[in-house]
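Note sheet for the following structure.
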Number of protein chains: 2
Amino acid sequence: MDVRAEILRVATRLFATRGFDGTSLQSIAEEVGIRKPSLLYHFASKEQLRLAVLDELLARWSDVLPRLLMAAAGGEPRFATVMREAVGFFAEDPDRARLLVREILDRPDDMRVRLDKYVRPWVDIVADYIRRGQESGEVHELVDPEAYVLQIINLVVSGVAAAASLQGGLLPADSERGDPTQRHARELVRIARYSLFRAPEEGEEARPPARRTRSELRANEE
Amino acid sequence: MDVRAEILRVATRLFATRGFDGTSLQSIAEEVGIRKPSLLYHFASKEQLRLAVLDELLARWSDVLPRLLMAAAGGEPRFATVMREAVGFFAEDPDRARLLVREILDRPDDMRVRLDKYVRPWVDIVADYIRRGQESGEVHELVDPEAYVLQIINLVVSGVAAAASLQGGLLPADSERGDPTQRHARELVRIARYSLFRAPEEGEEARPPARRTRSELRANEE
DNA sequence: CCTACCGATCGGTAGG
DNA sequence: CCTACCGATCGGTAGG
């Protein structure tokens, strides 16, 4: 039906999986079910397609990020929830994370401009909340607010990208701690929290996103 | 003189910068100062060249990692030093980090096997030290040892890769906190430490690492 | 380590 | 949205 949208969908997946240079227009057209020149009717060049894919990605990020980061103003009690949402945003469609990482590697100059425009303002806002937390004593004094936020974003995006590619390969299955993806996500949230707050509320971040059993909690507390 | 080594050097840099698919044998040969068929005399195919580049990378990693991780057994007092060395290993030649990240994205199946062989044993060793730290009360109970180590490795490698590409673009210069690279490195070490130890020794990681770190690195290379 | 050359595939265009 | 086709470049080979 909507061929243009379908092209974008397929291109996003292939760019994320094989990279921009590793993906031919031919292979995209094939999967969409059209010929290459037809694809070039919708997008004037491969470069235009790349930009369209990236724009769509960052547009969604821009929808979600503000709400997410504002919620971070809730301080410690809201923290784990916000973090889990952030991880969820990327984990739900890991191509986003893989594409972001690839673009940073492949087109650093383009990406620096984009990140400066889309991400930086929100980094500053969260950094201010952190500074306020430092004044109130809730947050560790030695936290470097901007650097902290960027490190955590990096941790989330790169973590999801790597996990998507490796499919949690390095973490052995552990019946007590849940599947590898859950373990990674949980530990990520815990690291972010313990490195920020002076007195993190114990046990909170051990809760899996959806359902959770007593035995899982107990396993974590051992 | 040693053409083969020169090819490897150039290829490593170009693969890291433009990616494997984005780098032609022609462009490598040009920079080395030979013709393409001459390059193919040293490496039978582009794929062979890729494997050789990767082998060299992981061989050095294997030299450094063990010593590094064993030092982690020193507990909290040794922690910041070990972390700074790890960051230094990648920061000193960011192509290593960029190449690793690229390979994980481009050849996840190959990399899973390699990481399982080269990295996993050391992850297990450090995880055991962490568990001992948990028993002694030095380390937070809720740390998931394996997941923690993998997240920190991810943080170091991805952080250096991103910083190398973006050239610290998102962090503004701040005369009080030092240059962006230093700020990132310092905050990274702080995050790793505060999320691990129950009572991190305040102030330690705030020390400007300029001269100290470099001389430590040099001492390591001997 | 070179010149000369190969088939395959690339992104893109002409023209309908 | 298609068929037909373009020049450029790709990885790789023959032969010296």
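The structure displayed is predicted, hence computed values, not measured ones. Lettering follows sequence order; numbering is per chain, from 1. The basis for the numbers below is simple: all heavy atoms, side chains too, and nothing from hydrogens, waters or symmetry mates.
- The interatomic distance linking B:Tyr41 (OH) with C:dC2 (C1') rounds to 13 Å, in whole Å.
- Side-chain atoms of A:Leu54 and A:Met111, non-hydrogen and from C-beta on, do get closer than 4.5 Å to each other.
- Here D:dT3 sits opposite C:dA14 as a Watson-Crick or G-U wobble pair (both hydrogen-bonding atom distances under 3.5 Å).
- The CZ-P distance, from A:Arg50 to C:dG11, rounds to 14 Å in whole Å.
- Residue-to-nucleotide contacts include a donor-acceptor pair under 3.5 Å from the side chain of A:Lys36 to the base of C:dG11.
- Nucleic acid contact for B:Leu40: base, since at least one base atom lies under 4.0 Å from a heavy atom of the residue.
- Annotation: A:Arg131, atom CZ; neighbour count of heavy atoms from other residues, nucleotides and ligands within 6.0 Å is above 12.
- Each of A:Arg50, A:Arg112, A:Arg98 was evaluated against A:Glu103; a single residue qualifies, A:Arg50, per the salt bridge (charged side-chain N to carboxylate O under 4.0 Å, His left out) test.
- Distances shown here put every side-chain N or O of A:Ser45 at or beyond 4.0 Å from the OP1 or OP2 atom of C:dG11.
- Candidate nucleotides C:dG11, C:dC1, C:dT3 were compared by shortest atom distance to the side chain of A:Lys46, and C:dG11 ranks first.
- Taking atom CD of residue B:Gln26 and atom P of nucleotide C:dC2, one finds them 11 Å apart after rounding to whole Å.
- Under the 4.5 Å side-chain criterion, counting only non-hydrogen atoms from C-beta, B:Arg186 is not in contact with A:Asp144.
- Across the protein-nucleic acid pair, B:Asp21 atom CG and D:dT9 atom C1' stand 14 Å apart, rounded to whole Å.
- A:Phe20 carries A:Arg107 over the face of its six-membered ring, with the cationic atom under 6.0 Å from the centre and within 45° of the normal.
- Side chain of B:Pro37, nearest nucleotide from C:dC1, D:dG12, C:dA4: C:dA4.
- For B:Ser24, no side-chain nitrogen or oxygen approaches OP1 or OP2 of D:dT9 to under 4.0 Å.
- Remark: P of D:dG11 and CG of B:Leu25 are 4 Å apart, rounded to the nearest angstrom.
- Following rounding to the nearest Å, B:Leu39 (CG) and D:dC10 (C1') show an atom-to-atom distance of 14 Å.
- In this structure, the CZ atom of A:Arg35 is 15 Å from the C1' atom of D:dC5, given to the nearest Å.
- Backbone-only engagement by A:Thr23 is indicated by non-hydrogen atom pairs under 4.0 Å involving sugar-phosphate atoms exclusively.
- The distance between atom CZ of B:Arg18 and atom P of D:dC10, rounded to the nearest whole Å, is 10 Å.
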